[in-house]
Enquirer: 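The structure is given below, and queries will be raised subsequently.
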There are 2 protein chains.
Amino acid sequence: MGAHFASQLSGNDGFSPLAVRPGAARPAGTPVQRVAAGTIVFAEGDVADSVFEVVSGTLRLHKVMVDGRRQVTGFVSGGRLLGVAQSGECLCTAEAVTPAVLRRHPRAAFERRIDAEPGLARRILAEMCNDLRRAQDQMLLLGRKSAVEKVASFLLSLAADEDGDYADSIDLPMSRTDIADYLGLTTETVSRTFTKLRNDGLIALPCPVSVEFLDLDQLEDLATGGADGDGWARRPGIC
Amino acid sequence: MGAHFASQLSGNDGFSPLAVRPGAARPAGTPVQRVAAGTIVFAEGDVADSVFEVVSGTLRLHKVMVDGRRQVTGFVSGGRLLGVAQSGECLCTAEAVTPAVLRRHPRAAFERRIDAEPGLARRILAEMCNDLRRAQDQMLLLGRKSAVEKVASFLLSLAADEDGDYADSIDLPMSRTDIADYLGLTTETVSRTFTKLRNDGLIALPCPVSVEFLDLDQLEDLATGGADGDGWARRPGIC
DNA sequence: CGAATGGTTGACGCTTCTCAAACTACGTGG
DNA sequence: CCACGTAGTTTGAGAAGCGTCAACCATTCG
């Protein structure tokens with residue numbers, strides 16, 4: 001346990017300008033690392049000596065219990081940073097679920113840059129705020145939402161762009177097992193819930209990995225626990 | 001919604017030295033604010049214009065859904081910062097569960113200090129790393145642990161000091177409802193689980209708010225899902 | 001073509017939730 | 001001092017959602 005899988009990653013770092021936002025300055029030819037799906041970038045307990053910038057592809061972060069139970073704590077795709085919030089050792093395992101392109105920054109140099117560029121520290125801080133917001137939303141989801149509400153929330157979070165608009169359809173880069181371990185469910189329940197949403201006419205499933213949205217409004221209601229059918233009648237006490 | 005309860009807090013800020021660690025430099029007489037139990041320090045959706053330093057007491061952070069379902073995302077007690085990870089508006093509601101003493105730092109000045117003192121930025125970053133670690137542990141708890149495992153984990157997290165040692169007994173500052181909303185359970189299940197742990201001889205409950213630990217080893221096994229009785233035989237695949 | 005992998009569907013059971021009542025502690029007012 | 005109301009906790013009985021186990025289907029790859 002705690003093996004240094006990070007050494008799987010070859011290549012080195014020419015210190016490109018840490019493009020936190022997708023589409024930000026990314027000079028052609030800066031040294032990046034291509035990894036295959038299934039590659040473990042770092043494992044829970046590893047020495048956290050690097051910060052990664054995800055250029056493209058999707059990674060999965062997860063923790064495991066001694067008996068094998070797994071919790072996916074997040075998916076990270078293009079344009080985001082990975083491994084900033086790790087003091088000492090890695091908090092969780094990061095694995096590529098699709099082929100991915102990464103840019104590695106040695107932690108020591110990364111932290112020197114933070115000290116040297118005041119604006120950078122605030123930008124990193126803002127990134128971590130986002131991580132924390134996502135984590136809190138996920139806690140609400142895991143602790144208080146039903147299976148349908150979880151899946152609806154999940155699909156909408158994937159469909160949403162930065163402006164809060166939704167795509168008409170999406171492709172799921174991850175497996176049903178990954179989704180289940182992300183939502184605190186089993187694959188069977190995830191599958192059944194997809195089927196239920198399809199039967200209810202909220203989504204279409206041309207194939208297991210692609211989802212078309214047929215009724216975004218009703219999906220949003222489900223995701224937030226908003227309207228339970230007729231649109232009125234919440235629980236007493238609030239509202 | 002989003003009312004500015006923060007204005008409940010009077011007093012002002014003489015810029016004491018942001019004591020991130022309990023027991024760090026805290027000049028006598030710096031302006032602090034005393035709040036009663038039940039005081040809402042800030043509410044989800046409020047403008048996040050302040051960072052708070054919790055001097056003493058315990059606060060609860062929580063989010064609510066439109067129908068009233070509630071998820072407590074964390075408890076914050078003496079020596080920790082509150083509200084750093086909020087860009088724009090507050091992510092959740094912060095409420096005192098005990099009488100508390102706070103020190104308020106206007107956000108603008110706080111961020112100027114981050115830019116001015118490079119070391120501070122890293123210390124704040126380290127604080128947020130801890131928040132994120134806690135959040136990830138909580139996701140594992142909420143998504144994958146049973147009721148007993150959740151309660152055992154919760155009790156041990158309260159009993160643990162910075163060195164990883166456990167206290168013999170603790171007083172719970174929060175209600176069963178708060179615990180339930182923190183662990184993704186109902187008050188009834190929390191109560192039943194306490195009773196079960198007592199009947200199994202792992203804890204004693206002189207009164208509802210105080211817990212004595214009678215078998216810390218077995219509690220730890222429960223919390224991690226480690227040994228299920230005989231100490232051997234995990235699931236195949238791992239180990 | 002056959003095996004392997006991932007996804008879907010079904011039957012059943014268990015953990016936890018829901019609803020309800022009783023008990024305790026505490027403060028109020030007669 | 002004691003009856004009373006209130007809020008929090010505990011306990012009980014029944015229901016339901018989701019997990020478990022198992023079989024089946026679809027796709028891919030050798």
Side-chain angles (χ1 to χ4, degrees), chain A residues 36-38 60 65 67-71 97-98 141-152 154-155 171-200 203-211 222 225 228 235-237, chain B residues 37-38 60 65 67-71 97-98 141-152 154 171-200 203-211 222 225 228 235-237:
Chain A
R60 155 170 51 82
M65 292 173 64
D67 61 1
R69 278 176 284 178
R70 204 177 63 145
Q71 178 65 42
V97 295
T98 67
L141 179 146
L142 290 168
R144 287 300 178 221
K145 290 188 182 178
S146 68
V148 222
E149 292 168 343
K150 285 177 176 178
V151 172
F154 172 69
L155 290 178
D171 281 357
L172 303 174
M174 69 290 286
S175 69
R176 293 291 189 268
T177 307
D178 287 341
I179 299 174
D181 285 342
Y182 183 51
L183 301 179
L185 300 170
T186 59
T187 48
E188 294 94 328
T189 301
V190 169
S191 183
R192 273 186 259 267
T193 307
F194 272 100
T195 305
K196 177 175 167 44
L197 290 176
R198 175 169 54 71
N199 291 343
D200 291 354
I203 60 172
L205 294 166
C207 70
V209 304
S210 54
V211 181
L222 271 182
D228 35 331
R235 277 193 202 174
Chain B
R60 155 169 51 82
M65 293 175 63
D67 61 2
R69 276 176 286 178
R70 204 177 64 145
Q71 179 65 42
V97 294
T98 67
L141 180 147
L142 290 168
R144 287 299 176 220
K145 290 189 182 176
S146 69
V148 222
E149 292 169 341
K150 285 177 177 179
V151 171
F154 171 69
D171 281 357
L172 303 173
M174 68 291 285
S175 69
R176 294 289 189 270
T177 308
D178 286 340
I179 299 174
D181 285 342
Y182 182 52
L183 301 179
L185 301 169
T186 59
T187 48
E188 293 94 327
T189 301
V190 170
S191 182
R192 272 186 258 267
T193 308
F194 271 100
T195 305
K196 177 177 167 42
L197 290 176
R198 175 169 54 73
N199 291 343
D200 291 353
I203 61 172
L205 294 166
C207 72
V209 304
S210 55
V211 181
L222 271 182
D228 35 332
R235 276 193 202 174

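FYI, side chains are in, hydrogens and waters are out, and symmetry mates aren't considered; it's all heavy atoms of this structure. Numbers restart at 1 for each chain; the letters A, B, ... are given by sequence-line order, proteins then strands.
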Enquirer: Could you pick out which residue, R144(A) or L205(A), lies toward the 5' side of DNA chain C when each is mapped onto its nearest nucleotide?
Expert: L205(A)

Enquirer: Measuring from the side chain of R176(B) (C-beta onward, heavy atoms only), which nucleotide among dC17(C), dC18(D), dT9(D) has the closest atom?
Expert: dT9(D)

Enquirer: Could you check whether any side-chain heavy atom of F194(B) comes within less than 4.5 Å of a side-chain heavy atom of L172(B), counting everything from C-beta outward?
Expert: yes

Enquirer: Nearest 0.5 Å, please: how far is CG in L185(B) from OG1 in T193(B)?
Expert: 6.5 Å

Enquirer: Is any side-chain N of the basic residue among D181(B) and R176(B) closer than 4.0 Å to the acidic one's carboxylate O?
Expert: no

Enquirer: Quick check for you: to the nearest 0.5 Å, what is the distance between T189(B) atom OG1 and I179(B) atom CD1?
Expert: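 Reported to 0.5 Å precision, the distance equals 13.0 Å.
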
Enquirer: For the backbone of K150(B) and the side chain of K145(B), can you confirm whether one donor and one acceptor N or O come within less than 3.5 Å of each other?
Expert: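 Checked: no pair found.
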
Enquirer: What integer distance in Å separates F194(B):CZ from dT11(D):P?
Expert: 12 Å

Enquirer: Mind calculating the distance between CG (L197(B)) and C1' (dT10(D)) to the nearest angstrom?
Expert: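 Computing the L197(B):CG to dT10(D):C1' distance gives 15 Å.
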
Enquirer: What is the nucleic acid contact for S191(B), judged by heavy atoms within less than 4.0 Å: base, sugar-phosphate only, or nothing?
Expert: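 Base, at least one base atom sits under 4.0 Å.
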
Enquirer: By nearest atom, which of the nucleotides dT9(C), dT10(D), dA13(D) is closest to the T195(B) side chain?
Expert: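 Looking only at heavy atoms from C-beta outward on T195(B), the closest nucleotide is dT10(D).
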
Enquirer: Considering only heavy atoms, which members of residues 182-190 of chain A lie under 4.0 Å from some atom of DNA chain C?
Expert: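 Under 4.0 Å from DNA chain C: E188(A).
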
Enquirer: Would you mind telling me which residue lines up with the more 5' stretch of DNA chain D, R192(B) or M174(B), judged by nearest nucleotide?
Expert: M174(B)

Enquirer: Between the side chains of D178(B) and R70(B), is the shortest nitrogen-to-carboxylate-oxygen separation below 4.0 Å, so that they form an ion pair?
Expert: yes

Enquirer: Please give, in whole Å, the distance from dG17(D) C1' to K145(A) NZ?
Expert: 18 Å

Enquirer: Rounded to whole Å, please give me the gap between CG in L142(B) and C1' in dT16(C).
Expert: 15 Å

Enquirer: Mind calculating the distance between CG (D178(A)) and P (dG6(C)) to the nearest angstrom?
Expert: 10 Å

Enquirer: What distance separates L197(A) CG from L222(A) CG, expressed to the nearest 0.5 Å?
Expert: 6.5 Å

Enquirer: Whole Å only: how far is the CG atom of L172(B) from the C1' atom of dT10(D)?
Expert: 15 Å

Enquirer: Rounded to whole Å, how long is the line connecting atom CZ of R69(A) with atom C1' of dG19(D)?
Expert: 13 Å

Enquirer: Nearest-Å distance, CG (D181(A)) to P (dG19(D))?
Expert: 11 Å

